[in-house]
Protein chains: 2
Amino acid sequence: MTDRPSPQGGASRSPTIYDVAAAAGVAPSTVSRAFSRPGRVNAATAERIRQVAAELGYHANPLARALPTGRTTLIACVIADIANPVFAEIVIGAQKAAREAGYLILLVDAQESDQLERESLERTLPAVEGIVLASSRMSDSAIRMIAKQRPLIVLNRVVSDVTSLVNDDMDGMRQAVQHLSELGHRTITYLSGPEASWASGVRWRALHEAASELGVRVHRTGAYPPTVAGGLQAAAELGRPKSSAVIAYNDQMAIGLMRGLQAAGIQVPRELSVVGFDNISGSELVTPELTTIAAPARIQGHTAVRTLLAEVGDSQAHPGKSAILPTRLVVRQSTACRRRTPPAARACETPAP
Amino acid sequence: MTDRPSPQGGASRSPTIYDVAAAAGVAPSTVSRAFSRPGRVNAATAERIRQVAAELGYHANPLARALPTGRTTLIACVIADIANPVFAEIVIGAQKAAREAGYLILLVDAQESDQLERESLERTLPAVEGIVLASSRMSDSAIRMIAKQRPLIVLNRVVSDVTSLVNDDMDGMRQAVQHLSELGHRTITYLSGPEASWASGVRWRALHEAASELGVRVHRTGAYPPTVAGGLQAAAELGRPKSSAVIAYNDQMAIGLMRGLQAAGIQVPRELSVVGFDNISGSELVTPELTTIAAPARIQGHTAVRTLLAEVGDSQAHPGKSAILPTRLVVRQSTACRRRTPPAARACETPAP
DNA sequence: AGCTGGACGGCAAGCGATTGCCATCTATTG
DNA sequence: CAATAGATGGCAATCGCTTGCCGTCCAGCT
């Protein structure tokens, strides 16, 4: 009660440990310890300090704390394109895990540019304790370079010596192919995403493999932008596809494709079955509802941050570990029996649209 | 070239101005000035310093810089629920504007909790230069409190003495009512969002006013959660609505409503016209495509950050200014002529679904 | 020639915390 | 009762950068 820092007055700069120390009649170091080192200070003293601090409205300045310790409680989350719902989901999960651990998310939108990504990261690096890289456009070596300076985890991509977290696209693809195969489809077209996309390559390879196991033929078409517009474009250029089923790189493309097809008078799923990838929210809102391979994006973001934080804590990093998240096929209405298939074909109880 | 900080070696801590100073044979202060005070240092010297710095891979530590200056180049963006596409759009716009000004976005998800929001903000406050509050759950006075400490802008809400940026819901509503009126609808039901939502109240009042101007009657129903599930729930509870048209608080609810209605065998727009709010991406992907009042969320985020940054720079803040962003009705397929309306009614060339 | 002022660099004091080390004091032990 | 360990608090250095102030040097002016 000695000197009131005018709590209602103008923007008198916020109180520091020195103010609290003075008001409580102790040394600043004691104030610091009262907060960050419980037990190191007499319980009664600590209590009094906390009391005074509360009265003064004291809050530790995170910057000042971070300078000597390096603990910024900040995680960078680098996203190629925030507009993509998948990444939004990842951010949601990451944000949640971060909050649970008292961390904050620094959102970096790389805008699909490797240049921008590298620069932002360089600037951001000293201020964060760890990095989540979702769909990075950077080269493997650039990523490894960064990983040397801070704990880092890449999503949906494998980079040697770097911790990563990928979806089991392989298995998801297998489920999709099996599903289509059971519906009588003998040929599947893959609508591929951008060349630069690691995931698109993986998905294609997975499809190829799963298909050959099940005796299904595959074609590939694309690359198209991984957006609804890309799917529309594909529909326009493809005309009436040769195969009776299409698996798209992602849901947006699948949705675009369906719309384009419908506009051209081709019925989904009667004439063509369509499968998407990711199970974005909205994929169940289109007509017909989209059959898709669900990737646990939110869980992925959450797990990524948890893993990262574990590394941050453990001091002796053991990066390079890779975890795989399960995927599962969500069957909805955009897939159906191949036409002119013998009615005897089993497993053809798809609900009519 | 005196002492190589082992650029390829282990995690030797990153170089500081002292390292650069030593290598360049100048004082640390000169290095600092070479970067942050162009002209204050001899051009040749500055060039040499930059040279050496580049060789050493020097990057200013943003934390250390921020401590004495307060310039963190960080903007907090507080969102009630990141999963909501409208907020995602706002974040995208904000992020873009931030990046253009060399700022970074600190993403805070308040998870619809005023408690959480206040706490996070308290922790975050000292580390950011400004705050964007989208759909805050905090009280006006709490917001004013914070606004005293940092430049702050609220979105879609008006708080006295605080800068704000709202959409012209009033005008959007008027357009929607006019549209429905021209289609022959005489009664409109408002499907309202959460009680706590400032925007929902505004939209209802706007509807009420616009309707009375145009001689249309209105009902109100709700509150429901502002989600697809909320819309579904509304559909289930409402049964067959009395009125021939519904305006929902937002697109998600409108979409949920349409699905619920369709599931119950009520056709949209034949039997009931539905209008949404926001024009989220996806509203044009549902069937029928949703007629909606488009709010420029991305632009809003962008403008918010630009406005905020202007305040940050101008030192003598002049908060309290409110800007209004235009909205516009996007007519798609979910609205049509009221049934049993005389065919003479004009402006009824809605495309058949 | 003497003086003045601008350009350029350096010194050193912060910014607000953390923390290793030391000084005291008290309680415990032999 | 002396010696010692443990508890508690303070001192001061440190994190990396900014910046006010001062000193030096040289050019231009009278």
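Any value given below was found using the heavy atoms of this structure, including those in side chains, with hydrogens, waters and symmetry copies removed. Convention: sequence-line order gives letters A, B, ...; per-chain numbering from 1.
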Next item on the list: Could you grab the distance from atom CZ of A/R150 to atom CD of A/E129, nearest 0.5 Å is fine?
Entry: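 Here the rounded value is 8.5 Å.
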Looking only at side-chain N and O atoms, does [X] come under 4.0 Å of OP1 or OP2 in [N]?
X     : N      : answer
A/R37 : C/dT19 : yes
B/S29 : C/dG9  : no
A/S36 : C/dA17 : no
B/T45 : C/dG9  : yes
A/T30 : D/dG10 : yes
A/Y58 : C/dA17 : yes

Tell me the interatomic distance from [X], atom [atom1], to [N], atom [atom2], rounded to whole angstroms.
X     : N      : atom1 : atom2 : value
B/N42 : C/dA7  : CG    : P     : 12 Å
A/I17 : C/dG14 : CD1   : P     : 16 Å
A/R40 : C/dT19 : CZ    : P     : 12 Å
B/E47 : C/dG9  : CD    : P     : 13 Å

Note to self: Under the criterion salt bridge (Lys or Arg N to Asp or Glu O under 4.0 Å), I'd like the reasoning laid out for A/E117 against A/R137: C-alpha separation, chi angles, the key distance, then a yes or no.
What the structure shows: CA-CA 8 Å; A/E117 188 174 346; A/R137 294 293 185 254; over 6 Å; no
If you look at every strand shown and take non-hydrogen atoms under 4.0 Å, does [X] touch a base, only sugar-phosphate, or nothing?
X     : result
A/A64 : base
B/T16 : sugar-phosphate
A/V26 : sugar-phosphate
B/F35 : nothing

Considering only [options], which nucleotide approaches the side chain of [X] most closely?
X     : options                : value
B/R33 : C/dG10, D/dT18, D/dG9  : C/dG10
B/P68 : D/dT18, C/dC11, C/dG16 : D/dT18
A/A60 : C/dA17, D/dT19, C/dG9  : C/dA17

Check: Got a donor-acceptor pair under 3.5 Å from the side chain of B/Y18 to the base of D/dC15?
Finding: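 In this structure, the two groups form no donor-acceptor pair.
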Checklist line | Flag side-chain contact, heavy atom, 4.5 Å: A/M138 against A/L133 | finding: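 The answer is yes, as the side chains (C-beta and beyond) meet within the 4.5 Å cut-off.
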Checklist line | Distance-only donor-acceptor check, side chains A/S160 and A/R144, under 3.5 Å | finding: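 Result is yes, a qualifying pair exists.
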Margin query: Within a 6.0 Å radius of atom CZ on A/R306, are there more than 12 heavy atoms belonging to other residues, nucleotides or ligands?
Written below: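 Not buried by this count: 12 neighbours or fewer within 6.0 Å.
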Item checked: 5′-ward residue of the pair A/P28/B/P62 relative to DNA chain D ->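 In this pair, the answer is A/P28.
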